[in-house]
Amino acid sequence: MDMHSKTRYIVLALLILIPSFVNLGVPIYNRDLPELFGLPFFYWFQTFWLVACTGFYLTYAKIVENKS
Amino acid sequence: MISSDIFIVFISLFIVFIGLGFYGKYWRRGDLNHVHEWSLAGRKLGTTLVFFLIGADLYTAYSFVAIPSGVFAKGALYFFAIPYVMLTFAVALVVMPKLWTLAREKGYITASDFVKDRFNSKALAIMIAVTGIVAELPYIALQIVGMQSVLTVMLAGYANSQMVQEISLLIAFVILAAFTYTSGLRGATLTAIFKDILVWITVIVVIVVVPISIGGFGNAFKAANSSYVTLPENLVPAYATLILGSALALYLYPHAISGVLSAQSAQKLRKSTALLPLYGIGLAVLALMGILVYAVPDAMKFLSGFPESSRGILVVPSLILYSLPSWFSGVALLGIFIGGLVPAAIMAMAQANLLTRNIIKEIKPNLSDKSEIKITKVSSTVFKFIALGFVFSVPATYAISLQLLGGILIVQILPAVFFGLYIKMLKKTPLIVGLLVGISSGIFMIEMANSFGPLTSSLLKTTFGPIYIAVISLGINLAISFGGSIIQKKQIPKTRL
């Protein structure tokens, strides 16, 4: 494995692991404040995080694709 | 009693739905006498279509009924569905393209095909197929409960509503059976798109109209219980394990694997999987309806007319009925109705594939292509009616709890299917033992958690707090599968000497 593909591998792993860590790390988002439009943090953060996850996953898909 | 515009809109859209279902046969034409043409739409689906087809598995009665019902009754805990879908797509993104590539190379149609080839074990392959078929049944039953909830709300106050409801369900199922028989997965995909368009419109309208009409989300949270604002500290382990267990289970369901294998290429599969968390936004809105409904007095009044145990499943349809204009309610209610119907079709088709290819064909290997497709089509019809019979005979509350049991069962095939893709050292005997022990320990624990009474909980109280049983029994299964394979590997050289 050369240096370049090693870096690529780490980046790919992080793109999957970071969102997963946040999703399973319940205490990170289990709070009521700050609210957004009257929604407690718990609810709006997880909904917002769906969009962020899509960003992570699309980047992952893009990097995998570029190799082949 | 509701106004007749709702019925007019509902029935007209249902006719469009039927038309699309039958038209599927002509769409992207292929020879439907081949199993992969009928059940995988010829593996020709691109990014958008796979997105809709797998998304169709997300917007099922699980999201319309089970999740809002749980949020309504228990609050924040059931919001676990949102991080669960995010995590499940991470799992799928890594594992599924690999399965897709192998399946294309070797002609697999089911997970059981892969397992048979990989471990050279008919026994393990048959067990995987049986687990898939059984785990899918309660999931289909849940879809029917969702359809029932729509009909209950629409027919409330009319004479003979119970009988009308059962006849309507039966008619809907006969129509569904007819078009899946002729059009296969193509019909299901077309109707899935139609369903999702209706659902997305509904979700957007609800999230704009309802908070405005009740004066902001804040009021709904004030009207609900205070434990709905955040997750109570003691439920954190339950929340995290429900996310993990469900995320690992989703892509093991036979219908999800069919969806994946119908993709045109691994790249298109990756792209549509990456985009799928966006579908979760709609799921979040549906889950929030379980709280929003507290601030809509008319809907609450309507719900109070039903026994407490069946109120939850009626939350979404009643909120729609009492907060949106009546013609629009017709659109939204049909969206939910076919939101149960389409996934039920996709699931029954996946069961039929398993039964024919991985069970009947094992026993009768010289089955002709023609008989294979015939048996697949007929058995998919039979499975639909088994599930329907199940719903007529079992109360609604049970059906939802049984879906959680489905998750506990299906996750037990994970060591063979997911780890089997990557890890060479795994052996068939430990996998078989692990699967059996995983399933039986899971069933035992769920019985224990419910004191051997009706299934209402899928969480086991442990010293770490309540934990989703699927995760515990999968842990036992993995320990046996890996431990056993290591021991066997060490023993083989000795016996050869």
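A, B, ... follow the sequence lines: proteins, then strands. Residue 1 opens every chain. These values consider heavy atoms only, across backbone and side chains, with no hydrogens, waters or symmetry-generated copies.
Under the side chain to side chain contact (heavy atoms under 4.5 Å, CB included) criterion, B:Val95 pairs with B:Val91, B:Phe418, B:Leu421, B:Tyr422, not counting sequence neighbours. With sequence neighbours excluded, no residue forms a ring pair (Phe, Tyr, Trp, His ring centres under 6.0 Å) with B:Phe80. Considering only residues two or more places apart in sequence or on other chains, B:Val315 meets the side chain to side chain contact (heavy atoms under 4.5 Å, CB included) condition with B:Phe72, B:Val293, B:Leu303.
In this structure a side-chain-to-backbone donor-acceptor pair under 3.5 Å is missing from B:Tyr294 to B:Met300.
Note on B:Ile281, B:Ile82, B:Val229, B:Ile291: by heavy-atom pairs under 4.5 Å with chain A, the leading option is B:Val229. Interface summary for chain B: among A:Phe56, A:Phe37, A:Trp49, A:Tyr60, the most heavy-atom pairs under 4.5 angstrom belong to A:Tyr60. Between chain B and the residues A:Val26, A:Leu12, A:Leu15, the largest count of heavy-atom pairs under 4.5 Å involves A:Val26. Each of B:Leu244, B:Thr273, B:Leu87 has some count of heavy-atom pairs under 4.5 Å with chain A, and the biggest count is that of B:Leu87.
Within residues 466-474 of chain B, no residue approaches chain A closer than 4.5 Å by heavy atoms.
Aromatic ring pairs are classed by plane angle as parallel below 30°, tilted from 30° to 60° and perpendicular above 60°; the pair A:Phe45 and A:Phe48 is tilted. Aromatic ring orientation, B:Phe79 versus A:Phe42: tilted (interplanar angle from 30° to 60°).
Of the two parts of B:Ala266, neither the backbone nor the side chain holds a non-hydrogen atom closer than 4.5 Å to a non-hydrogen atom of chain A. For a residue to count as touching a neighbouring chain, one of its non-hydrogen atoms must lie under 4.5 Å from one of that chain's; by this rule B:Ala274 touches chain A with backbone and side chain alike. With a 4.5 Å cut-off on non-hydrogen atoms, A:Tyr43 touches chain B through its backbone and its side chain both. For chain A, the nearby part of B:Phe221 is the side chain; its heavy atoms alone come within less than 4.5 Å. For A:Tyr29, the part lying under 4.5 angstrom from a heavy atom of chain B is the side chain only.
Atom CG of residue B:Leu283 and atom OH of residue B:Tyr62 lie 8.0 Å apart, to the nearest 0.5 angstrom.
Residue-environment remark: CZ (A:Phe41) exceeds the threshold of 12 foreign heavy atoms within 6.0 Å.
Counting only heavy atoms from C-beta outward, the side chains of A:Leu50 and A:Thr54 never approach each other to under 4.5 Å.
Looking only at atom types and distance, the side chain of A:Asn23 has no donor-acceptor partner in the side chain of B:Tyr84 under 3.5 Å away.
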